[in-house]
Structures are given as C-alpha cells and as structure tokens.
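The figures here come from the full heavy-atom set of this structure, side chains too, leaving out hydrogens, waters and symmetry mates.
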Amino acid sequence: KFADFIKRCNLNKHTRRLSIPECITLITQRLTKYPILIEAIVKTTKESKPDFTSLKNSVTLVKEILQSVDQTIKDYEKQKQAQDMRMKLDLKVTVT
C-alpha cells in the first residue's frame, strides 16, 4: 500500500516528481524564508495600517517557530548520536 502511495505521489504533477525527503527539504527551505518575506512586507506597510501590528507579531512568531524547529533537529541529532554510540559499545561488548 505504501509503495502504491509513493508511486501515485511520484506521478502527481503537483509534486514535480520530488521524493519525500526532497519535499521535506523544500518545506524547510521555505520556512526559513518567511521571516525575510514578512519583514519586507512590514517595511513597506505604514504603521497606521490595521495589519501593521499583526505583521510585526507574525515576524516574531515565525522566528520562534524556526528556533523551535532548529532545537528539535539538534535534540534529534543528539539522540541519534547517543543511540549510535550505544550500538557501537554494545557491539564491542559482544565481540570481546
């Protein structure tokens, strides 16, 4: 079933034949561009406009999300490193 799903995704014109890891990378790359985009919009928006405060707040929120994503990735990488070390140690103990 999963193989069929992947096949359908690869044939879908919206995915542009990107693999799942490539799609995830694409999303992450876009996420990092949002603060720049919103900051550019804030610069061109007059403070008297009703959206100005919301735009300023959204810049802060998007930056917080990015920090959270970065921290989650760092935590995952640390866990993966620790798991790899445990596996290596287990192998050494088993061999000797």
| query | Can you tell me how far CD of Gln71 sits from CD of Gln67, rounded to the nearest 0.5 angstrom? | reply | 9.5 Å
| request: Calculate, to the nearest 0.5 Å, the distance between atoms OG1 and NZ belonging to Thr45 and Lys56 respectively. | output: 10.5 Å
| field | Side-chain heavy-atom pair Glu64, Leu61 within 4.5 angstrom cut-off | value | yes
| message | For the CD atom of Gln81 and the OH atom of Tyr76, what is their distance to the nearest 0.5 Å? | response | 11.5 Å
| said: Could you check whether any side-chain heavy atom of Gln83 comes within less than 4.5 Å of a side-chain heavy atom of Arg86, counting everything from C-beta outward? | reply: yes
| query | Under the side-chain hydrogen bond (donor to acceptor under 3.5 Å, both in side chains) test, which residues partner Asp4, sequence neighbours left out? | reply | none
| To which residues is Val69 joined in a hydrophobic cluster, defined by side-chain heavy-atom contacts under 4.5 Å among Ile, Leu, Val, Met, Phe, Trp and Tyr, whether direct or through other members? | Leu31, Tyr34, Leu37, Ile38, Ile41, Val42, Phe52, Leu55, Val59, Val62, Ile65, Leu66, Ile73
| message | Tell me whether Asp84 is salt-bridged to Lys88, with the criterion being a basic N under 4.0 Å from an acidic carboxylate O. | response | no
| request: Check whether any side-chain N or O of Thr72 sits under 3.5 Å from a backbone N or O of Ser68 as a donor-acceptor pair, and report yes or no. | output: yes
| note | For Lys46, the side-chain contact (heavy atoms from CB on, under 4.5 Å) test, sequence neighbours excluded, returns Ser48, Lys49
